[in-house]
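Beneath this line is the structure, given in structure tokens, with notes to follow.
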Amino acid sequence: RKEVEQDPGPFNVPEGATVAFNCTYSNSASQSFFWYRQDCRKEPKLLMSVYSSGNEDGRFTAQLNRASQYISLLIRDSKLSDSATYLCVVNREGNQGGKLIFGQGTELSVKP
Amino acid sequence: GAVVSQHPSRVICKSGTSVKIECRSLDFQATTMFWYRQFPKQSLMLMATSNEGSKATYEQGVEKDKFLINHASLTLSTLTVTSAHPEDSSFYICSATRLAGNTGELFFGEGSRLTVL
């Protein structure tokens, strides 16, 4: 079993749609969690950190359920520019550096 | 903001040659740098953790004699792919954490695309 698993994609949605990505992780000792975005042939960029209380940044909402070892990302009112691959990322060793383990990514394509 | 630079961004080489990729943190000191590899349509896979002044720690299944990592200063780590073969063709990305003010965020280089003929 992979350490971080995501919904298989791709997700093809119209502009304005709400889309949700799911992710599970297997290592219960994992300390911190992130969503990264990767555009084609580019390096990944941090989208947002994920906190136990849930957090929101504009149209993006991230949730963490430690008991279920489950992470989610919700994108509301999707834009064409949201088209990218979304990577669920887990840091094994806490916030002071440590190894990021990436999910396989879920590709999102937003159409006009 | 923090910037991590990789060089070269693209390299094509013949089978059997060695290729060196540099990763530099431009405006901060990086205690730790990480090297990832990404094959097409797959996610990033951690290859090794590079600590300044000490030997790199390799992930299971990554050959340390094949992928030589050197972290000689707080701003530079290098990855050398020795005796490269076509199956080593991939997108190699480095990342770094800050020495001071570490928020847990990793800063990624732009990646280096290696093609071995």
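Chain A is the first sequence line, chain B the second, and so forth, proteins listed ahead of strands; every chain is numbered from 1.
- Counting only N and O atoms by type, the side chains of A:N22 and A:S72 include no donor and acceptor under 3.5 Å apart.
- Chain A is approached within less than 4.5 Å, heavy atom to heavy atom, by B:F108, B:G109, B:E110, B:R113 from residues 108-117 of chain B, ordered by number.
- In this structure, the side chains of B:L46 and A:F102 stay at 4.5 Å or more apart for every pair of heavy atoms.
- Proximity to chain A (any heavy atom under 4.5 Å) is restricted, for B:I93, to the side chain, taken from C-beta onward.
- Taking the ring pair (Phe, Tyr, Trp, His ring centres under 6.0 Å) definition, one finds that B:F91 meets it with nothing, sequence neighbours left out.
- Using a 3.5 Å distance cut-off with no hydrogens or angles, the side chains of B:Q6 and A:E43 do not pair a donor with an acceptor.
- Annotation: side-chain hydrogen bond (donor to acceptor under 3.5 Å, both in side chains) contacts involving residues 102-112 of chain A, sequence neighbours excluded, comprise A:Q6-A:T106, A:S109-A:K111.
- Legend: ring-ring contact (aromatic ring centres under 6.0 Å, His included) pairs involving residues 53-89 of chain A, not counting sequence neighbours, sorted by first then second residue: A:F21-A:Y86.
- Of all non-hydrogen atoms in B:F39 and B:S89, the two that sit nearest each other are CE2-O, 3.4 Å.
- Comparing A:S49, A:G103, A:P44, A:G105 by how many heavy-atom pairs each has under 4.5 Å with chain B, the most go to A:P44.
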